[in-house]
There are 2 protein chains.
Amino acid sequence: MPTIYQVAERAGVSLSTVSRVLNGKASVNKVLKERVENAVIELNYRPNSVARSLANSRTDSIGVLVPELNAPFFGDLMQAVESTLRAADKHVIITVGRNCLETEKDAVEFLISRNCDALIMHAEALSDEYLLDINQSKLPVALVNRQIEGLPEACINLDNEKGGYLATRHLLELGHKDIAYLSGPLEKRDACMRLKGHKRALSEAGLPINSQLIFNGDYTEEDGKVGLLELMARDVPFTALVCANDWMASGAISCARDLGMSLPHDLSIVGFDDVVFAHHVFPRLTTVSNPIADMAEMSAKYILNKVYGQSNKVQLCFEPTLVVRESAVKHEG
Amino acid sequence: MPTIYQVAERAGVSLSTVSRVLNGKASVNKVLKERVENAVIELNYRPNSVARSLANSRTDSIGVLVPELNAPFFGDLMQAVESTLRAADKHVIITVGRNCLETEKDAVEFLISRNCDALIMHAEALSDEYLLDINQSKLPVALVNRQIEGLPEACINLDNEKGGYLATRHLLELGHKDIAYLSGPLEKRDACMRLKGHKRALSEAGLPINSQLIFNGDYTEEDGKVGLLELMARDVPFTALVCANDWMASGAISCARDLGMSLPHDLSIVGFDDVVFAHHVFPRLTTVSNPIADMAEMSAKYILNKVYGQSNKVQLCFEPTLVVRESAVKHEG
DNA sequence: TTTATTTGAGAAAGCGCTTTCTAATTGCTT
DNA sequence: AAGCAATTAGAAAGCGCTTTCTCAAATAAA
């Protein structure tokens, strides 16, 4: 591996000049510049990024924290982040948080110890204070799907309330009146807002909110099953079901089928997120799209602005839309 | 951020001593060692990984190349690699190859320019020679799902032939005699071997191989549909279908349903890979499990051995197993 | 022509660490 | 007690680059 010294020698200039040509910040005599450029090509010189990082205390790497790597939702997120950042010649270091405080903290420490220039996180367990502290004392942070008081400009969010509203309103428009709801964990803001939207749709339609028709689960497929079973055990009839995410919807669907129900006629179901498998389930899932890829891209752009002086337009709040497929149908009553 | 100098000063020793304590390679007087350790704690000192890398030309980072980030199969791969490597305090830099020669090459160059210590790849488009060259002239390489002549110890593979065999034999055991096959692209070794296994199962059962019952697709969901349509148009009857991966199976399933078939009774279908959505489709997919997570973990361990002097046991060939669900049933004939 | 100003190139310091080399101290041997 | 080897600590060089500082040359102003 040739170093900058060899390039300088071959070009017959000092290494400062080579550096200047490489970084293009200061002006260099045209002739010398050309000599340097030729030397670079002849030697097939590639700057050592580690040395460069040490010298200017910048690693051009962004740490990414996701709860898991093998979930389609976070796959979309990473895909968008990676491509946006790599286009700017930055690289991503990906870590996994597993929805667990210990692991997330660990992952963040790890990223910091790796001298990342910034962090993009889908943090589940870390506290607001911790995140705020990182942002203030260590390095800039972008947060996807999270809202933190002291950090408004760094939080990229979906209008979850609207999403919940859209899902339920769709069912209302199909003539359903008795609509059950499988919620995500209410300590999570998104789950909370989705439920809120659901309730608003109900209220606007002049329908009562029956807590017997709401089940609090944990966003898992398993809880989709458990939730449906529990709701049915309560013996309050319902003809439609809104699920706080597609995993729960998928669980509910297979559970319903195991119960001998014929879908979608016996029960209309709407999901949330429109993850990749939403159209693999049968009946194909009507759901609320979550533009996670767009949001992820935006978080990357925010970081590009904040840390590397770019000036992309930043949008903080994203709108969900309804994706109509076949799992919710008209209520024949 | 405190540096090693401050630690040395506070402990009243030279920075060489601090370095020695930190790395534990040379022996240090017990008293001094303790003083250093205390200073480290008091200052909350964390070694600068960039400086360390520059000094010992090792970044403790491993480059990973996958075709895409938002596919469950590669999610499993990354998950396993990340956790294995991070447990050893290494970090992964993930890049995307998009199944495209240009992009893959680009990604590899990128990883090299980032001074990775090694590469773990699921390379689709790169040539054997290129990979061999990287391994010889730049840095150690581990290859998942690929077999290269000159690099036998670095190739972690599934016994795809056996997988194809298992799938078809299962159908034979269920009484099917007319079995169609949706193949992956035959220039890919795995697709080729899977088909080979299929043919062996047929031969062993004394059945002829009818090329009219084989369709060559591209591993995509779309080609699952196209393939099924094409096979049916050929007018050679079949009661079962083996698909070279779950995506094609999923495409074939929804296509069959759109055609008004009742699954699994009108057509038994077997997939390959057992990706996460395999049990979301309806009927739940009988498929061949691909222990990609185990293979990925093994690739990481190989690198840990090769580059960082660990000595894990390395297994190069992995066995697929049949996962029986509900998409393939007895042939009533 | 002389002086002031700008431009551009080289020298050298510094980023924070590892490691080799040197020197001092300790413990053995005889 | 003198002479030697074995430990162990410190000094210093070096990893490959950026950037400040300095100075020479070129240009503009007087």
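- Between C/dG10 and A/Thr17, a contact under 4.0 Å exists linking OP1 or OP2 to a side-chain N or O.
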Taking it one step at a time, do A/Glu109 and A/Lys105 satisfy salt bridge (charged side-chain N to carboxylate O under 4.0 Å, His left out)? CA-CA 6 Å; A/Glu109 298 286 333; A/Lys105 220 167 201 160; over 6 Å; no
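- Results of the side-chain hydrogen bond (donor to acceptor under 3.5 Å, both in side chains) test with A/Glu124 over A/Arg98, A/Lys188, A/Arg146 single out A/Lys188 as the only residue that passes.
- The residue among B/Val13 and A/Leu15 whose nearest nucleotide of DNA chain D lies closer to the 5′ end is B/Val13.
- Evaluated for a side-chain contact (heavy atoms from CB on, under 4.5 Å) with A/Lys25, the options A/Asn23, A/Leu22, A/Val28 yield exactly one hit, A/Asn23.
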Taking it one step at a time, do B/Asp106 and A/Arg86 satisfy salt bridge (charged side-chain N to carboxylate O under 4.0 Å, His left out)? CA-CA 10 Å; B/Asp106 215 65; A/Arg86 192 138 83 84; 3.6 Å; yes
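- Contact record, A/Tyr302 with A/Glu153: CE1-O, 3.4 Å, taken as the closest heavy-atom pair.
- Taking every heavy atom of both residues into account, B/Met298 and B/Lys313 meet most closely at SD-O, 3.5 Å.
- Shown here is A/Gln147, whose CD atom has more than 12 heavy atoms of other residues, nucleotides or ligands within 6.0 Å.
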Side-chain atoms of residues 137-144 of chain B: list all donor-acceptor pairs with protein atoms under 3.5 Å, sequence neighbours left out, distances to 0.1 Å.
unit_1	atom_1	unit_2	atom_2	d
B/Ser137	OG	B/Asp133	O	2.9

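- When DNA chain D is scanned in the 5' to 3' direction for atoms under 4.0 Å from non-hydrogen atoms of chain B, the outermost contacting nucleotides are D/dT8 to D/dG16.
- Scanning residues 18-28 of chain B for heavy-atom distances under 4.0 Å to DNA chain C yields B/Ser19, B/Arg20, B/Asn23.
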